[in-house]
Amino acid sequence: MTTSAPASVLRTPYQESVAAYWNTNQNDPVNLRLGEIDGLFHHHYGIGDYDPAVLQGPEETRDARIIEELHRLETAQADLLLDHLGDRRRTDRLVDAGSGRGGTSFMAERRFGCQVDGVSISEYQVGFANQQAVERGVAERVKFHFRNMLDTGFATGSRQAIWTNETTMYVDLFELFDEFSRLLQHGGRYVCITGCSNDVNGLRSKAVSRIDEHYTCNIHPRSEYFRALAENNLVPIEVVDLTAATIPYWELRAKCSVATGIEDPFLTAYKEGSFHYLMIVADRV
């Protein structure tokens with residue numbers, strides 16, 4: 001089985017700007033303070049109702065309780081994604097496309113015992129995640145690569161499952177799913193959790209545009225996901241609207257020290273219906 005590193009990871013000025021954003025965003029407490037609770041560092045949001053008890057009790061420990069609860073919700077989101085990867089064998093090879101600091105990759109290895117390759121265009125994230133793999137004693141099974149998810153360099157048909165967790169808004173979906181279709185063997189599984197704009201509303205709302213601006217991303221309309229999947233032999237088997245399930249996370253995050261100011265646009269967009277939080281599960285045919 002062959003693999004080769006693409007000659008140029010950052011192919012456009014836009015990709016350079018995205019990489020620069022994540023390379024310089026090294027001390028973001030939203031990710032770091034939550035990850036410090038148990039060593040799982042995520043780069044995504046959470047789902048599920050929060051325990052109202054975290055808002056009660058001594059004021060001096062209130063913030064710590066909220067942060068711990070936020071981490072529980074974001075880990076629950078990753079668990080839900082992994083639940084939909086199907087029955088995986090130890091001999092399977094998985095790809096975490098846009099792997100961040102590696103949290104979901106480590107959860108996948110712990111659950112399935114198989115090899116996971118993470119890819120990111122942030123050299124900082126790749127270095128951080130590989131150090132985590134060493135410290136966890138899984139560096140032989142979980143590896144992170146400075147590569148572009150649009151051109152991974154991994155061998156054709158060499159992967160049994162791939163996931164993206166809030167990373168598809170940084171790339172062209174048709175290019176991305178073409179690469180995933182190439183990588184996956186017949187019957188392979190792809191799981192995507194993403195925010196997407198609501199086509200029914202026409203042009204994106206002010207709140208969605210504010211999210212784009214904050215994260216230097218380009219949120220896609222809902223319909224574009226299904227067009228791109230169909231064009232690349234990826235057939236959805238399940239679609240779950242997680243919008244209502246993620247609102248409590250944002251309401252709780254707005255009440256603590258790691259709030260960044262983007263909480264209100266998210267809540268506005270979700271509640272007005274201009275933005276959806278979806279999980280799409282698809283098989284390679």
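Closest heavy-atom contact between Gln160 and Asp92: OE1-CA, 3.2 Å. What you find for Leu252 and Val54 is that their closest heavy atoms are CD1-CG2, 4.1 Å.
Here the side chain of Glu16 pairs no donor or acceptor atom with the backbone of Leu10 at under 3.5 angstrom. Using a distance-only test at 3.5 Å, with no hydrogens or angles considered, a donor-acceptor pair links the side chain of Thr246 to the main chain of Gly46.
Here Val235 sits in one hydrophobic cluster together with Val285; the rule is ILVMFWY side chains under 4.5 Å apart, joined directly or through other members. Phe128 belongs to a hydrophobic cluster whose remaining members, ordered by chain and number, are Leu32, Phe41, Tyr124; membership requires side-chain heavy atoms of ILVMFWY residues under 4.5 Å apart, directly or through intermediates. Membership of an apolar cluster is not assigned to Val134, as no side-chain contact below 4.5 Å to another ILVMFWY residue is traced.
A salt bridge does not link Asp151 to Arg182: none of the charged nitrogens lies less than 4.0 Å from a carboxylate oxygen. Ion pairing between Asp212 and Arg204 holds under the 4.0 Å rule for side-chain N and carboxylate O. A salt bridge is defined here as a Lys NZ or Arg NE, NH1 or NH2 lying under 4.0 Å from an Asp or Glu carboxylate O, and Glu68 with Arg65 fails to meet this definition. Using a cutoff of 4.0 Å between basic side-chain nitrogens and carboxylate oxygens, Glu251 and Lys271 are scored as salt-bridged. The pair Glu69-Lys255 fails the salt-bridge criterion, with no side-chain N (NZ, NE, NH1 or NH2) lying under 4.0 Å from an Asp/Glu carboxylate O.
Applying the salt bridge (Lys or Arg N to Asp or Glu O under 4.0 Å) test to pairs two or more places apart or on separate chains, none has a residue in residues 218-230. Sorted by first and then second residue, the salt bridge (Lys or Arg N to Asp or Glu O under 4.0 Å) pairs with a member in residues 233-242 form an empty list; sequence neighbours excluded. Residue pairs meeting the ring-ring contact (aromatic ring centres under 6.0 Å, His included) criterion with at least one partner in residues 77-121, sequence neighbours excluded, are Phe106-Phe144. Residue pairs meeting the salt bridge (Lys or Arg N to Asp or Glu O under 4.0 Å) criterion with at least one member in residues 30-54, sequence neighbours excluded, are Arg33-Asp63. Each salt bridge (Lys or Arg N to Asp or Glu O under 4.0 Å) pair with one or both residues in residues 186-197, not counting sequence neighbours, appears once here: Arg189-Asp283. Residue pairs meeting the ring-ring contact (aromatic ring centres under 6.0 Å, His included) criterion with at least one member in residues 45-73, sequence neighbours excluded, are His42-His71, Tyr45-Tyr249, Tyr45-Trp250, Tyr45-Phe266.
Atoms OG1 and CG, on Thr168 and Leu176 in that order, are 7.5 Å from each other to the nearest 0.5 Å.
In this view, Glu135 and Gln131 satisfy the side-chain hydrogen bond (donor to acceptor under 3.5 Å, both in side chains) rule, not counting sequence neighbours. Residues passing the side-chain hydrogen bond (donor to acceptor under 3.5 Å, both in side chains) test with Glu109, sequence neighbours excluded: Arg141. Listed by chain and residue number, Tyr190 satisfy the ring pair (Phe, Tyr, Trp, His ring centres under 6.0 Å) test with Phe177 (two or more places apart in sequence, or in another chain).
Remark: the Gln77 side chain and the Tyr277 side chain contain an N/O donor-acceptor pair separated by less than 3.5 Å. Residues Ser274 and Asn198 bring no donor and acceptor atom of their side chains to less than 3.5 Å of each other.
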- Message: Run Ser99 and Ser105 through side chain to side chain donor-acceptor pair (under 3.5 Å) and show every step you take.
- Response: CA-CA 7 Å; Ser99 47; Ser105 291; 5.5 Å; no
